[in-house]
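In what follows, a single structure is set out as structure tokens and then discussed.
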Amino acid sequence: MSSISTSHLPSPFKPVDFSAEKNIPTSKLPQKTVLKLFDSKSITSLQYLTQLHGLVLRSGHFQDHYVSGALLKCYANPHFSNFDFALKVFSSIPNPNVFIWNIVIKGCLENNKLFKAIYFYGRMVIDARPNKFTYPTLFKACSVAQAVQEGRQIHGHVVKHGIGSDVHIKSAGIHMYASFGRLEDARKMFYSGESDVVCWNTMIDGYLKCGVLEAAKGLFAQMPVKNIGSWNVMINGLAKGGNLGDARKLFDEMSERDEISWSSMVDGYISAGRYKEALEIFQQMQREETRPGRFILSSVLAACSNIGAIDQGRWVHAYLKRNSIKLDAVLGTALLDMYAKCGRLDMGWEVFEEMKEREIFTWNAMIGGLAIHGRAEDALELFSKLQEGRMKPNGITLVGVLTACAHAGFVDKGLRIFQTMREFYGVDPELEHYGCMVDLLGRSGLFSEAEDLINSMPMKPNAAVWGALLGACRIHGNFDLAERVGKILLELEPQNSGRYVLLSNIYAKVGRFDDVSKIRKLMKDRGIKTVPGVSIVDLNGTVHEFKMGDGSHPQMKEIYRKLKIIKERLQMAGHSPDTSQVLFDIDEEEKETAVNYHSEKLAIAFGLINTLPGKRIHIVKNLRVCDDCHSATKLISQIFDREIIVRDRVRYHHFKNGTCSCKDFW
DNA sequence: GTAGGGTTAG
């Protein structure tokens, strides 16, 4: 056995004698054989790598830069999150050559140690000569770190070394300057010497990211050679910049599309809030038999979450299983979030339990899911479980936990967490956390405490914070405060129709109809249009959208017939329409008609017609539930013996046997 | 005899 010490290796270290089977003493293994061990992709566990390390030391080939380089590269793999150890290995390599330096600099970049990459470059130039492989990595590091000074200096070195014409270095440089917003420097680089198609793509991408549309379009038109990436850069940049029409036009013109082309369109629609179109284009993708991969699938799941398209989401889940696509942290989180946001907390939980890789955002999605379903105890329990592990909660975790407390009325618990979050979790309370607390205190009727908190905030309270207080005023009928807060809100957000509606509803509730008309006039003068209520039902993968007064659905006649029956049954059960939340001062009968045809009721009627008895009906709304719809839906769940799950803009309502999971507290 | 750039990402 070799006598080389292994005491610096991470424990548990149990050397394995790789030569045993072949009866070759480790110390006699040829260098090629040792190198081959690094060839395979089978180095997936740190333990195995550690064993290989031992073998390398015992074989005496550690001095060989090919071997130590291969070893270093493995340790530097961010997958092992063991980069500090990689650096130790690096420091034990005598006289590192340019390959070793390049590996360590690249390792820094991949492990997000950006300034370390620049630092090592500084050390490197003292005793090894950088080559053309060194610079793209460095430019990338400067770009991510937004290290403008360093980037320019390194660019200077490139020019001095006379390798500025290398297209790989050039494209990375263009990308870096564009990411600094220094389009002039990027352009200079682009126009010096030859550019290949990737340099063109990078320059176009830079223009798009900096919002210089015309220049991007001009270059694209001028390109001597285009590849699929050129089209994708344009489509993605246009779609991200909100120019979906232009993006779509190019997309339709493309002769060949890859997953990135489809994904760019899907993401473009999602970021514009056009979820239905996102799903439609995804369906078109399947018709054209392009196989979706994990990137686009997670986007599709996000779209499903937003509009509650549970059948589509389930389809994705089945697809993942069918194609044995592994649930990594990102995809798994998207899936569990979809289930939670589509009302199937049970399925979301199942996914969460199944997941092998969980990141903090995975826990956040699960805690947040429990919170919006009103399952505060479970959310808090999961929060304690999270802390038992090594995972550290972040600001978003605390938002989930405080939301859970707010929806369940856990005042003391919420206050305690809020007051100790800096000390215990190292998270400074931000606007969102104050918003949660105002919500929590307000919902529990603690108005002066809520106001004190707002006055004590270290930052300026935003509309969300005041909005939480106004919402609480509605619940508790605190009209004096409502009026005051409402006025602040109308000033803060003069374009947000929801604020006008809420204030007007509060006036209507106390019968101050002259104030209701004042608000109405104010809206008219300011040109504010109310956001129409939209309810969505996903039926076997097709998304059905309902709006009041929109007769475009092919089954509208049937739906109206069903609504009539529902209305009669509701009356028999003693329900009288609550019209206090109708914004306009029309007469009572018209108001009644208005609430009877709220989008939510249309969606319920549609669901009752098209699903088998006993099947749950899932509805997603863009606004909050109105009082009348809430009490009507409770009764409908009893009369028709159906579970109805409604997601409103903020939380969930599970209607079952005449009651709602929110306990009429929303 | 090792290696490198641009476009998708919750």
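Below, read A as the first sequence line, B as the second, and so on, with proteins coming before strands; counting in each chain starts at 1. Because only heavy atoms are used, hydrogens play no part in the values below, and waters and symmetry mates are left out as well, while side chains stay in.
- Closest to the side chain of A:Lys132, out of B:dT2, B:dT8, B:dG4, is B:dG4.
- Residue A:Lys106 places at least one side-chain N or O under 4.0 Å from the OP1 or OP2 atom of B:dG4.
- Of the candidates B:dG4, B:dT8, B:dT2, B:dT8 carries the atom nearest the A:Lys209 side chain, counting heavy atoms from C-beta on.
- Counting atom types as modelled, A:Ser171 pairs no side-chain N or O with a base atom of B:dG6 as donor and acceptor under 3.5 Å.
- Each of B:dA3, B:dG5, B:dT8 was ranked by its minimum atom distance to the side chain of A:Val198; first place goes to B:dG5.
- Counting any heavy atom pair closer than 4.0 Å across all strands shown, A:Lys140 reaches sugar-phosphate atoms only and no base atom.
- Which of B:dG4, B:dT7, B:dT2 sits closest to the side chain of A:Asn232 comes down to B:dT7.
- Residue contacts for A:Val330: at a heavy-atom cut-off of 4.0 Å it reaches a base atom on one of the strands shown.
- In this entry the distance linking CG of A:Asp337 with P of B:dG10 reads 12 Å, nearest Å.
- Dashed line: the shortest gap from a side-chain N or O of A:His175 to OP1 or OP2 of B:dT7 is under 4.0 Å.
- Within 4.0 Å of A:Asn227, counting heavy atoms only, lies at least one base atom of the nucleic acid.
- To the nearest angstrom, P of B:dG10 lies 14 Å from CD of A:Glu359.
- Side-chain atoms of A:Ser263 lie closest to B:dT8 of the nucleotides B:dG10, B:dT8, B:dG4.
- Annotation: A:Trp363 is in aromatic contact with A:Phe352 [ring centroid separation under 6.0 Å].
- Distance from the side chain of A:Asn236 is smallest to B:dT8 among B:dA3, B:dT8, B:dG4.
- If you check every strand for non-hydrogen atoms under 4.0 Å, A:Thr333 touches nothing.
- Contacts of A:Asn102 with the nucleic acid, taken as non-hydrogen atoms under 4.0 Å apart, include base atoms.
- Contact annotation for A:Asp196: base contact, defined as any heavy-atom pair under 4.0 Å involving a base atom.
- Among the atoms of the strands shown, none is found under 4.0 Å from any heavy atom of A:Gly69.
- Here A:Asp64 lies out of heavy-atom contact (under 4.0 Å) with every strand.
- Residue-to-nucleotide contacts include a donor-acceptor pair under 3.5 Å from the side chain of A:Asp166 to the base of B:dG4.
- Under a cutoff of 6.0 Å and an axis angle of 45°, A:Lys392 and A:Tyr425 do not form a cation-pi pair.
- Whole-Å rounding puts the A:Ile105 CD1 to B:dG4 P distance at 14 Å.
- Side-chain atoms of A:His157 and A:Tyr135 include no donor-acceptor pair closer than 3.5 Å.
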